[in-house]
There are 2 protein chains.
Amino acid sequence: MAGHGTDRRRDDPRGRMISEITDDLRRYSVDAQHVGHAFAALHGLNATDLHALIAVMDAELAGDPITPGRLGEQLNLSSGSVTALIDRLERAGHIRRDRDTADRRKILLHYADRGAALAMEFFQPLGSRTDRVMARFTDEELAVVHRFMAEMSASLREHRDAIRAARPEPPRRAVD
Amino acid sequence: MAGHGTDRRRDDPRGRMISEITDDLRRYSVDAQHVGHAFAALHGLNATDLHALIAVMDAELAGDPITPGRLGEQLNLSSGSVTALIDRLERAGHIRRDRDTADRRKILLHYADRGAALAMEFFQPLGSRTDRVMARFTDEELAVVHRFMAEMSASLREHRDAIRAARPEPPRRAVD
DNA sequence: CCGAATATCTCGACGGGCGAGATAGCCGGC
DNA sequence: GCCGGCTATCTCGCCCGTCGAGATATTCGG
């Protein structure tokens, strides 16, 4: 799970450092994915459900409740899948559907009590661990980390959009 | 997609910084997931297939080819799913099965040409972007980032294991 | 009021994942 | 040598999340 690099490992210390950070980031992403999956499974959900729940909470906390359509864009799901997803979450008591009074075609998604509790339960212990690590860094060091992660995050998002813009190639079979 | 926090945002600058980094990390993980998913879809794979491919490459580059069993542990898949997974990847020409000559129950997984090419295609542009960001940081700054990410990564892995150790609760329905 | 556009939902098909059981190969004791 | 238990992988039937085409409801401009 480490050290694949693109074999870009150079001999100078800086090159090595870059390879290590690359591996750190990859490991972190993979583990984050596993954490989400494991937590979701633990509560009878799947990864998508958890993502959706977080998206709904984020939107609502930002004072701008999300609609099924926008949720589908964010999670990259088809409209049919989104409906099924919302059905699941609503049936489980995590979220609630509300018709938009202004445009009655739209549905506004709000989290219900159980959803809020679950999200809290997800983030709270994670936050504790996070805080414990952060405590070992000075303000200046955290500032560097923030600058780094913010730039990485932006770069990665660009990359994602570039890939999504590309056309999926026709399914290939066997030896092609 | 930002600012859910656990509402732990304190008023002091350091507290704010911590919240921001938390958000950075979360955004990064989510986007990394999307990048993987999008890239996989672009090449007619699914997310699991891509993870498996990377795991196979990692193991082989480390000089210790992975077996279906260990792959299943790493991806948290059942044995049946692993067999199906390997079938898919082999059929698509990404990997190859080899019986272990010492213990003939075991299968050793090696990547085939197409698999190597695909992994390269995945990591190369990602590496370019990564390098471009890293170029804007000094050696000392990168050292801080590395220390931070390594600790975060370890902490997250512990968290994952803790969750996995917990018993899945019985599936709940409707209002319970 | 009509027609085009938008938002969501319905439904049939597909495919990945699960898990119990089958199969093949290893190893220690006798 | 061979029997029994163990391990590694595979087979198979089932479940459920996703897709995508089409249906339905609502808005808005003319």
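Here is how names work: the chains are called A, B, and so on, in the same order as the sequence lines, proteins then strands, and each is numbered from 1. Only this structure's heavy atoms are used, side chains among them; waters, hydrogens and symmetry mates stay out.
- Among the protein residues, L85(A) comes within range of no part of the nucleic acid, since none of its heavy atoms lies under 4.0 Å from any strand.
- Contact annotation for G69(A): backbone-only contact, meaning every heavy-atom pair under 4.0 Å involves sugar-phosphate atoms and none involves a base.
- What separates CZ of R99(A) from P of dT27(D) is a distance of 9 Å, to the nearest Å.
- For dC9(C), its base sits under 3.5 Å from the side chain of S79(A) at one donor and acceptor pair at least.
- Out of dT8(C), dG17(C), dG20(D), the shortest distance to the side chain of S78(A) is found at dG20(D).
- For a distance-only test at 3.5 Å, the side chain of R104(A) fails to qualify as a donor-acceptor partner of the base of dT26(D).
- Each of T101(A) and N46(A) has a nearest nucleotide on DNA chain D; the 5'-most of these lies closest to N46(A).
- At a threshold of 4.0 angstrom between heavy atoms, the contacts of A102(B) are confined to the sugar-phosphate backbone, with no base atom among them.
- Here D31(B) contributes atom CG and D161(A) contributes atom CG; the two are 8.5 Å apart, rounded to the nearest 0.5 Å.
- For R105(A) against dT6(C), a side-chain-to-base donor-acceptor contact under 3.5 Å is present.
- The side chain of S81(B) contributes no N or O atom lying less than 4.0 Å from OP1 or OP2 of dG17(C).
- Note on R70(A): nothing from the nucleic acid sits closer than 4.0 angstrom, heavy atoms only.
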